[in-house]
Amino acid sequence: MQIYNTLTRRKEPLTPLEPGKVRMYVCGMTVYDYCHLGHARVMVAFDVITRYLRARGYDVTYVRNVTDIDDKILKRADENGETITALTERMIEAMHEDEARLCVLPPDREPRATGHIGEIIAMIETLIDKGFAYAADNGDVYYRVRRFETYGALSNRDPDEMRSGARIEVDEHKEDPLDFVLWKAAKPGEASWTSPWGEGRPGWHIECSAMSTCCLGETFDIHGGGPDLMFPHHENEIAQSEAATGHRYVNTWMHAGAVRVNQEKMSKSLGNFFTIRDVLEHHDPEVVRYLLVASHYRSPINYAPESLADARKSLERFYNALEGLALEDVALDDTAAEAKTLDQPGDGGHDARFIAAMDDDFNTPEALSVLFDLARELNRARKETPDRAPALAAELKRLGGLLGLLQQDPASFLKAGAADLPLAEDEIQAQIDARAVAKKAKDFARADGIRDELASLGIILKDSREGTTWVFETPTD
């Protein structure tokens with residue numbers, strides 16, 4: 001299995017520190033507001049990665065943290081007139097609801113910054129003792145960036161060429177403008193903890209160094225996050241952690257691609273900022289998940305009405321292939337069954353091709369192409385060799401499940417676009433009844449006309465011995 005390492009800028013074989021086990025840490029959310037589409041991208045990308053690693057037989061420990069103390073949290077709680085705890089608990093609950101709707105499995109551990117203050121203080125003390133950090137006279141503690149010789153290797157930046165700017169806080173108490181805060185002295189009335197440097201709270205970067213090493217050890221296999229975290233957050237994590245422990249911090253760094261809206265950067269100032277909840281009010285969660293999975297995890301994603309329409313059409317192709325067939329239930333978290341089947345390539349080599357795609361840096365677009373080929377084979381089998389259809393359908397559902405897809409009842413999904421239906425369901429049934437009357441009267445032209453008229457609206461009739469049913473397929477322009 002090959003994974004692209006952001007640090008080395010090349011694909012490298014996955015060689016876990018402990019054979020058969022993968023320890024992975026992903027930077028989670030700062031819980032002052034609802035999760036947005038960028039968060040959804042990271043959630044889904046590393047959910048797919050975790051599912052697949054487990055399906056390939058690895059024992060994965062997946063840790064994703066929660067930042068529950070931060071300047072933004074303090075400001076928002078004050079604006080809302082609520083306590084910090086009330087705000088963060090409410091936002092964490094909302095985050096869990098969002099990820100559940102997107103079929104994202106919970107991490108194995110979800111440490112909170114406020115639960116690791118002791119470890120954070122201990123790491124800062126170690127850094128001071130080793131000369132990598134210093135306490136300023138204002139009660140803050142800073143990290144000496146220039147003391148860490150390889151600073152900038154992850155983001156490919158030269159400290160000597162860096163200039164003070166939006167990402168580098170200028171402070172008269174710093175020895176160097178590049179230095180960053182490890183501990184912030186509390187202002188009157190702010191939430192704070194007792195430390196050797198006075199009342200205060202941890203800086204953002206040190207939280208993840210303390211939580212990751214506490215949960216996974218001084219060195220672990222994979223560290224992931226969003227594209228905006230590479231600098232300064234992940235760069236600072238490396239500097240802090242390796243200076244404190246004297247060991248390599250992470251073997252493989254992985255970063256998901258950005259989400260753009262109509263080819264523009266998503267931002268509140270541009271008015272194109274969408275929370276997960278905003279999007280799921282109008283779109284099936286699986287459609288949104290498909291959009292996020294259909295691009296390689298390192299590639300940017302463009303969120304636009306037409307991209308969601310394309311995602312729905314793709315899912316409709318799969319669900320139309322599955323519709324009406326008795327399927328074995330394959331639970332999304334049934335990792336033991338998934339691992340067993342992936343070790344045994346099935347008829348036609350779909351498993352082998354799927355594995356080859358996903359082993360190549362989790363190439364989900366190529367893996368989906370295997371599923372489309374499988375759906376086409378399933379459609380042919382339904383007509384030519386019906387006995388093979390159920391097994392092919394079960395294989396399609398099983399492989400789709402490794403991406404967190406295709407686990408809904410096909411008929412339910414195909415009818416779930418009710419908001420997009422050009423006719424009410426009772427009107428559709430009335431047309432079906434009228435067609436049945438026309439067929440009984442041998443007025444086949446009228447019957448065919450009703451069928452064709454409904455088809456032009458995306459309502460596809462399916463006749464069987466049990467009667468006529470319908471599915472909705474988004475019309476192609």
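L378 and A321 make their closest contact through CD2-O, 3.2 Å (heavy atoms, listed as atom of the first residue, atom of the second, distance). The two residues V259 and L37 come nearest to each other via the heavy atoms CG2-O, 3.8 Å. A239 and Y151 make their closest contact through CB-CD1, 3.9 Å (heavy atoms, listed as atom of the first residue, atom of the second, distance). Looking at every heavy atom in both residues, C214 comes nearest to E119 through SG-OE2, 3.8 Å. The two residues M95 and C35 make their nearest non-hydrogen contact at CG-SG, 3.6 Å. Residues A133 and L182 share a closest heavy-atom pair of CB-CD1, 3.6 Å.
A salt bridge between D351 and R398 is present, with a side-chain N of the basic residue lying under 4.0 Å from a carboxylate O of the acidic one. Ion pairing of K313 with E316 is absent here, as no side-chain N (NZ or NE/NH1/NH2) approaches a carboxylate O to less than 4.0 Å. Taking a cutoff of 4.0 Å between a charged side-chain nitrogen and a carboxylate oxygen, R388 and E395 do not qualify as a salt bridge. Salt bridge R376/D373: present, at least one basic N to carboxylate O contact under 4.0 Å. With respect to E12 and R10, a salt bridge is recorded, a charged nitrogen being found less than 4.0 Å from a carboxylate O. Under the 4.0 Å criterion applied to side-chain N and carboxylate O atoms, R146 and D160 are assigned as salt-bridge partners. Look at R277 and E281 and you find no salt bridge, because none of the NZ, NE, NH1 or NH2 atoms lies under 4.0 Å from a carboxylate O.
When each of Q2, R298, K11 is checked for a side chain to side chain donor-acceptor pair (under 3.5 Å) with D361, only R298 meets the rule.
We find the CG-CZ distance between L7 and R248 to be 6.0 Å, quoted to the nearest 0.5 Å. How far CD1 of I206 is from OG of S241: 7.0 Å, rounded to the nearest 0.5 Å. To the nearest 0.5 Å, the span separating CD1 on I69 from CZ on R112 amounts to 13.0 Å. For the atom pair D360 CG and H296 NE2, the distance stands at 7.0 Å (nearest 0.5 Å).
Looking at E207, its side chain never comes within 3.5 Å of a backbone N or O of T67 through a donor-acceptor pair. One N or O on the side chain of T6 and one on the backbone of W253 form a donor-acceptor pair closer than 3.5 Å. With N5 contributing its side chain and N251 its backbone, the two residues share a donor-acceptor pair below 3.5 Å. The closest donor-acceptor contact from the side chain of Y319 to the backbone of Q408 lies under 3.5 Å. A donor-acceptor pair is defined here as one N or O able to donate and one able to accept, closer than 3.5 Å; no such pair exists between the side chain of R51 and the backbone of L402. A donor-acceptor pair under 3.5 Å links the side-chain atoms of K174 to the main chain of D179, judged by distance alone. Distance alone, capped at 3.5 Å, is enough to place a donor-acceptor pair between the T88 side chain and the T85 backbone. Judged by distance alone, with hydrogens and angles left aside, the side-chain atoms of H39 form a donor-acceptor pair with the main-chain N or O of H36 at under 3.5 Å. Of the possible donor and acceptor atoms, one in the side chain of R289 sits under 3.5 Å from a partner among the backbone N and O of C103. Distance alone, capped at 3.5 Å, is enough to place a donor-acceptor pair between the E242 side chain and the Y249 backbone.
Note on ring orientation: taking the six-membered ring where Trp is involved, the planes of Y290 and F318 are tilted (angle from 30° to 60°).
For T245 and E218, the side-chain atoms include no donor-acceptor pair closer than 3.5 Å. In this structure, a donor-acceptor pair under 3.5 Å is present between the side chains of D68 and T114. Donor-acceptor pairing under 3.5 Å is lacking for the side chains of D310 and S307.
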Side chain to side chain contact (heavy atoms under 4.5 Å, CB included) assessment of K21 paired with T61: CA-CA 8 Å; K21 296 186 177 182; T61 301; over 6 Å; no
Go through Y143 and N236 one step at a time and tell me if the side chain to side chain contact (heavy atoms under 4.5 Å, CB included) criterion holds. CA-CA 9 Å; Y143 184 92; N236 292 351; over 6 Å; no
Working note: E79 + R76, criterion salt bridge (charged side-chain N to carboxylate O under 4.0 Å, His left out); need CA distance, chi angles, decisive distance, verdict. CA-CA 5 Å; E79 291 171 349; R76 182 61 56 84; 3.4 Å; yes
Side chain to side chain contact (heavy atoms under 4.5 Å, CB included) evaluation trace for V279 with Y303: CA-CA 10 Å; V279 176; Y303 175 83; 3.4 Å; yes
Please lay out, stage by stage, how E99 and D47 fare under the test side chain to side chain contact (heavy atoms under 4.5 Å, CB included). CA-CA 10 Å; E99 65 185 7; D47 179 64; over 6 Å; no
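Using a 4.5 Å heavy-atom threshold, the side chains of E235 and R157 count as separate. Considering only heavy atoms from C-beta on, L280 comes within 4.5 Å of L102 through its side chain. The shortest side-chain heavy-atom distance between M91 and I73 does not fall under the 4.5 Å cut-off. Considering only heavy atoms from C-beta on, D176 stays 4.5 Å or farther from V145 through its side chain. Using a 4.5 Å cut-off on side-chain heavy atoms (C-beta onward), H282 and L308 make no contact. For the pair E18 and F220, the minimum side-chain heavy-atom distance is 4.5 Å or more. In this structure the side chain of I276 never reaches within 4.5 angstrom of the side chain of R101, judged on heavy atoms. Inter-residue side-chain proximity for F148 and I238 is flagged as met; some heavy-atom pair is nearer than 4.5 Å.
In this view, C27 and Y25, N65, C208, H223, L229, H233, H234, E237 satisfy the side-chain contact (heavy atoms from CB on, under 4.5 Å) rule, not counting sequence neighbours. The side-chain contact (heavy atoms from CB on, under 4.5 Å) search around T364 returns V48, V293, M358, L403, not counting sequence neighbours.
Taking the ring centre of F46 as origin, the terminal cationic atom of R64 falls outside the region bounded by 6.0 Å and 45° from the ring axis.
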